[in-house]
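Here is how names work: the chains are called A, B, and so on, in the same order as the sequence lines, proteins then strands, and each is numbered from 1. Scope of the values below: all heavy atoms of this structure, side chains included, with no hydrogens, waters or symmetry mates.
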Protein chains: 2
Amino acid sequence: MAWDTEGTRRRLRDAALVEFAARGFDGTTVGAVASRAGVNKERLYSYFGDKKALWELVLATELERLASAVSLSGVGLDDIGEFAGATFDYHAAHPELGRLLQWEGLQDGPPADAIGRTRHYREKVAHFAAGQRDGVLDRGLDPAHLVFALIALAAWWQTVPQLAEMITGAGPNDQQECARRRRFVVEAARRLASPSRI
Amino acid sequence: MAWDTEGTRRRLRDAALVEFAARGFDGTTVGAVASRAGVNKERLYSYFGDKKALWELVLATELERLASAVSLSGVGLDDIGEFAGATFDYHAAHPELGRLLQWEGLQDGPPADAIGRTRHYREKVAHFAAGQRDGVLDRGLDPAHLVFALIALAAWWQTVPQLAEMITGAGPNDQQECARRRRFVVEAARRLASPSRI
DNA sequence: TTCATTTCCAACGGTACGGTTGGAATATTA
DNA sequence: TAATATTCCAACCGTACCGTTGGAAATGAA
């Protein structure tokens with residue numbers, strides 16, 4: 001059996017994602033990650049340095065995946081709706097991401113890659129602002145607020161799934177309700193962004 | 001100096017709120033709560049039983065305060081906007097609440113007082129549904145989704161304050177930006193709820 | 001095949017934490 | 001005032017956890 005160093009590293013990273021999402025940094029033990037990966041915990045220290053470094057790597061990796069999976073191409077109402085829908089889809093397919101970001105936000109300290117993420121979001125804001133100048137999107141709302149609100153509409157479902165269940169009565173595996181929520185998110189995004197009728 | 005049992009209990013509860021909001025259940029030590037309260041930790045066990053019971057009490061107390069502070073009286077668009085605005089205000093004035101609810105949601109186990117909270121939210125859904133039947137609110141959206149979305153628009157700012165800062169560039173103590181956000185939230189709520197123009 | 005390197009194994013060491021304890025001090029009650 | 005109850009104090013106990021360690025086993029290279 002040849003040494004599969006990269007395989008072992010990947011197993012540890014994957015296990016860490018599951019454990020960190022479930023329990024956060026403080027609640028996750030190095031032993032649990034190693035056990036889930038079927039690896040001795042000493043390997044974790046050898047490959048990643050320490051628990052904190054592994055946390056940061058997992059977070060950075062998940063953020064990269066999100067950024068490359070959800071894009072905003074145009075500035076039409078359909079584009080806005082689809083951005084919200086795609087964000088919803090990604091969060092629904094990756095519930096561990098929302099949990100990770102929540103744990104992150106609740107911890108002390110600056111966000112991971114704050115500069116890169118800020119730039120990424122500001123680009124979206126500029127994109128929206130251009131759509132407003134073109135009269136495609138409503139000019140009456142701050143574009144930054146609009147970006148923020150679209151993410152809220154899309155991500156909140158996975159951020160507080162227990163609240164969603166209390167309000168709608170639907171459990172986490174109800175695919176029809178998930179589809180209905182997506183349609184709602186897309187429609188809500190369009191309403192928010194469309195030029196004012198007042 | 002007479003024994004101030006109730007005062008000591010209150011100091012412990014208040015200290016627990018601060019510590020639990022900051023660090024969550026797992027990250028909070030009983031010693032830190034007692035130290036913040038200026039009380040020996042043995043008193044905490046005497047008054048509240050254990051750490052878990054104190055957590056549950058703090059959570060229940062904060063939920064009661066929220067429920068009695070934010071109400072939805074009518075079903076007009078102004079009422080909807082004001083509900084969203086009042087929710088925003090409460091969260092802005094009590095950042096520890098959002099943090100507590102997040103920590104709660106991330107923990108294993110059912111939400112505190114799930115039955116009571118479910119009833120409370122379902123009443124709001126019914127309220128919205130009545131507004132839809134009266135033609136005051138848009139009939140094209142699921143009222144449960146609408147309730148959920150309004151809470152999202154109002155509460156997301158305090159749920160992910162670091163994201164808000166990355167997107168808007170405004171720090172946590174910018175009162176003018178806070179007022180702008182509230183106006184946005186009220187306007188967004190009205191747009192979502194108003195009868196369809198399509 | 002031998003030597004060097006990496007991985008595996010499981011125990012270790014030091015620190016932290018929840019909950020408990022016994023005795024002293026203080027407040028309350030009769 | 002004496003007896004009783006409560007609070008204060010700080011140490012204790014058992015468990016958990018991060019990061020490290022030394023030696024054995026396995027792999028890779030010459």
Side-chain angles (χ1 to χ4, degrees), chain A residues 1-61 99-100 103-104 106-109 112, chain B residues 1-61 99-100 103-104 106-109 112:
Chain A
M1 178 71 183
W3 288 334
D4 184 13
T5 305
E6 189 46 41
T8 305
R9 293 175 61 111
R10 199 193 60 245
R11 289 206 302 281
L12 281 167
R13 278 196 309 265
D14 292 349
L17 171 60
V18 173
E19 293 291 326
F20 283 141
R23 297 191 184 79
F25 182 77
D26 286 340
T28 292
T29 67
V30 171
V33 172
S35 181
R36 177 177 289 273
V39 175
N40 190 286
K41 76 170 178 178
E42 171 266 347
R43 285 293 93 207
L44 188 152
Y45 292 96
S46 180
Y47 293 142
F48 301 109
D50 62 10
K51 182 182 174 187
K52 183 69 177 172
L54 179 58
W55 162 265
E56 286 166 353
L57 176 68
V58 167
L59 198 46
T61 304
R99 295 181 61 90
L100 261 189
W103 289 114
E104 184 208 24
L106 288 167
Q107 308 283 349
D108 273 350
Chain B
M1 178 70 185
W3 287 334
D4 183 14
T5 305
E6 189 46 41
T8 305
R9 292 172 63 109
R10 200 196 58 247
R11 288 207 301 282
L12 282 167
R13 281 196 309 264
D14 291 350
L17 172 59
V18 174
E19 291 291 326
F20 282 141
R23 297 185 185 83
F25 181 79
D26 287 339
T28 292
T29 66
V30 171
V33 172
S35 181
R36 179 178 289 270
V39 174
N40 191 287
K41 74 171 178 177
E42 170 266 347
R43 284 294 90 205
L44 189 152
Y45 292 96
S46 179
Y47 292 141
F48 301 108
D50 61 11
K51 185 183 174 188
K52 184 70 175 172
L54 180 58
W55 162 264
E56 286 165 355
L57 176 68
V58 167
L59 201 43
T61 305
R99 294 181 60 90
L100 262 188
W103 289 115
E104 184 208 24
L106 289 167
Q107 309 282 348
D108 273 350

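- dG18(C) atom P lies 16 Å from atom CZ of Phe48(B), rounded to whole Å.
- Of the listed nucleotides (dG19(D), dG18(C), dT7(C)), dT7(C) has the atom at the smallest distance from the side chain of Tyr47(A).
- For Lys41(B) against dG19(C), a side-chain N or O and a base N or O form a donor-acceptor pair under 3.5 Å.
- Atom-to-atom, CH2 of Trp55(A) to P of dC17(D) comes out at 17 Å; the value is rounded to the nearest Å.
- Of the candidate nucleotides dC8(C), dG19(D), dG28(D), dG28(D) has the atom nearest to the side chain of Trp3(A).
- Distances shown here put a side-chain N or O of Thr5(A) below 4.0 Å from the OP1 or OP2 atom of dT7(C).
- Checking dG19(C), dT26(C), dT21(D) against the side-chain heavy atoms of Asp50(B) singles out dG19(C) as nearest.
- Residue whose closest nucleotide on DNA chain D sits further toward the 5' end, between Gly27(A) and Gly49(A): Gly27(A).
- For Glu42(A), the side-chain atoms get nearest to dC8(C) when compared with the rest of dG18(C), dG19(D), dC8(C).
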Pair up each side-chain donor or acceptor in residues 34-41 of chain B with any protein partner under 3.5 Å, not counting sequence neighbours, and list the distances.
residue: Arg36(B); atom: NE; partner: Glu19(B); partner atom: OE2; Å: 2.7
residue: Arg36(B); atom: NH2; partner: Glu19(B); partner atom: OE2; Å: 3.1
residue: Asn40(B); atom: OD1; partner: Glu42(B); partner atom: N; Å: 2.9

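- Between Tyr45(B) and dT21(C) there is no side-chain N or O to OP1 or OP2 distance below 4.0 Å.
- Taking atom CG on Asn40(A) and atom P on dC18(D), their separation rounds to 14 Å, with Å as the unit.
- With sequence neighbours left out, the salt bridge (Lys or Arg N to Asp or Glu O under 4.0 Å) criterion links Arg9(B) to Glu6(B).
- For the pair Arg43(B) and Tyr45(B), the cation does not sit on the ring face, since its NZ or CZ is not both under 6.0 Å from the ring centre and inside 45° of the axis.
- Between Trp55(B) and Phe20(B), the distance from one ring center to the other falls under 6.0 angstrom.
- When rounded to the nearest whole Å, the span between CG of Asp26(A) and P of dC18(D) equals 10 Å.
- The CG atom of Leu44(B) sits 13 Å away from the C1' atom of dT20(C) (whole-angstrom rounding).
- Listed candidates were dG19(D), dC8(D), dG18(C). Nearest to the side chain of Thr29(B) is dG18(C).
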